[in-house]
Amino acid sequence: MRLFAAVLPPGSAVAELARRVEALRALPGAGRLRWAGHDSWHFTLAFYGEVPDETLPELRERLARGARRHAPYGLRIAGGGRFADRVLWAGADGDLAAIRKLAGTAAAAGRRAGLAGPAVDGRRGFTPHLTLARNRDPRVDLAPFAAALEHFDGSPWTAASLTLVRSHPPAPGVAGARPHYETVDSWPLGAPGR
């Protein structure tokens, strides 16, 4: 299974961002971007890649233990930016130290479970973000899109769980197909073991 650890925003935060993204889709060049579906918006903490079935129980146990060591924290979707002209994203504000520590814990859980895949790690410049769109057309400049997100300031919410997510790649050869994400497990932050 292709897995990653994430923080999932609540529906109310997704709805606020969806309204702003709708306005972005009216900008010149928006039709040439590959927009992520609202149901795929998440803050990736650690990407594990392909995880063998026999490794999954240990990864789950390590993530559960890690979640217990972190208290819930305040977060909100705010601002935005771009990674070159390839990815448009919405950012985060609130207790960024807490989400960075949680990302470090999720990455460590993967390493300790024996996963060698690329992991997002708070010690290496972790930038909490939600991917909104991808660009493969060099004629599309993402700067106006990022500028339109600059002052976005969503309502605060409490990040209260760590989620293990499975990524199903898009169907090959299907135009406009997107990956599908499935929650494998979720653990409340700061809660005793279950």
Side-chain angles (χ1 to χ4, degrees), residues 3-27 30-31 33-47 60 63-64 66-83 87-106 120 122 126-135 142 144-168 170 176-192 194:
L3 299 175
F4 60 90
V7 169
L8 306 180
S12 58
V14 168
E16 283 181 332
L17 181 59
R19 286 190 292 276
R20 177 59 63 96
V21 169
E22 195 58 38
L24 295 178
R25 293 179 78 129
L27 293 175
L33 300 179
R34 190 174 50 153
W35 293 90
H38 305 169
D39 59 341
S40 72
W41 290 345
H42 59 270
F43 292 100
T44 300
L45 301 174
F47 178 73
R60 277 182 152 143
L63 288 171
R68 290 192 295 268
R69 293 193 310 265
H70 293 268
Y73 56 93
L75 203 59
R76 76 169 154 249
I77 302 171
R82 61 190 172 130
F83 296 130
V87 175
L88 176 69
W89 50 267
D93 194 16
D95 194 344
L96 299 183
I99 194 171
R100 285 185 179 107
K101 287 179 185 173
L102 188 59
T105 295
V120 175
F126 172 69
T127 301
H129 67 279
L130 301 164
T131 297
L132 301 177
R134 295 187 185 280
N135 180 24
L142 292 183
F145 295 88
L149 286 167
E150 186 177 344
H151 299 292
F152 178 74
D153 194 18
S155 300
W157 46 278
T158 300
S161 61
L162 169 62
T163 303
L164 183 62
V165 180
R166 181 177 184 180
S167 174
H168 298 274
R178 295 182 258 186
H180 165 72
Y181 300 108
E182 168 191 0
T183 296
V184 174
D185 211 337
S186 186
W187 302 273
L189 299 180
R194 45 175 197 183

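Atoms considered below: every heavy atom in the structure, side chains included; atoms not considered: hydrogens, waters and symmetry mates.
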Would you name the heavy atoms of [X] and [Y] that are closest together and state the gap between them?
X	Y	result
Ser167	Phe4	CB-CE2, 4.1 Å
Leu45	Ala106	CB-CB, 4.1 Å
Leu27	Pro144	CD1-O, 4.1 Å
Ala92	Phe43	CB-CE2, 3.7 Å
Glu16	Phe152	O-CE1, 3.9 Å
Ser40	Gly37	OG-O, 2.7 Å

Report the distance from atom [atom1] of [X] to atom [atom2] of [Y], rounding to the nearest 0.5 Å.
X	Y	atom1	atom2	answer
Arg20	His151	CZ	NE2	9.5 Å
Leu3	Arg60	CG	CZ	9.0 Å
His38	Glu22	NE2	CD	7.0 Å
Leu8	Thr163	CG	OG1	4.0 Å
Asn135	Leu88	CG	CG	9.5 Å
Trp157	Ile77	CH2	CD1	6.5 Å

**Prompt:** side chain to side chain contact (heavy atoms under 4.5 Å, CB included) with Tyr181: which of Arg166, His168, His42?
**Reply:**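 When Arg166, His168, His42 are each tested with Tyr181, the side chain to side chain contact (heavy atoms under 4.5 Å, CB included) holds only for His42.
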
Does the side chain of [X] reach to within under 4.5 Å of the side chain of [Y], using non-hydrogen atoms?
X	Y	value
Val165	Thr44	no
Leu162	Leu189	yes
Leu149	Trp89	no
Leu132	Phe145	no

**Item:** Polar side-chain atom of Arg76 near backbone of Ala13 as donor-acceptor pair, under 3.5 Å
**Value:**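 No; zero donor-acceptor contacts below 3.5 Å.
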
**Request:** Would you confirm whether Trp41, through its side chain, and Ala18, through its main-chain N or O, come within 3.5 Å as a donor-acceptor pair?
**Result:**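 Not confirmed, Trp41 side chain does not pair with Ala18 backbone.
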
**Prompt:** Do Leu142 and Phe83 pass the side-chain contact (heavy atoms from CB on, under 4.5 Å) test, and can you show the C-alpha distance, the side-chain angles, and the key distance before you say yes or no?
**Reply:** CA-CA 9 Å; Leu142 292 183; Phe83 296 130; over 6 Å; no

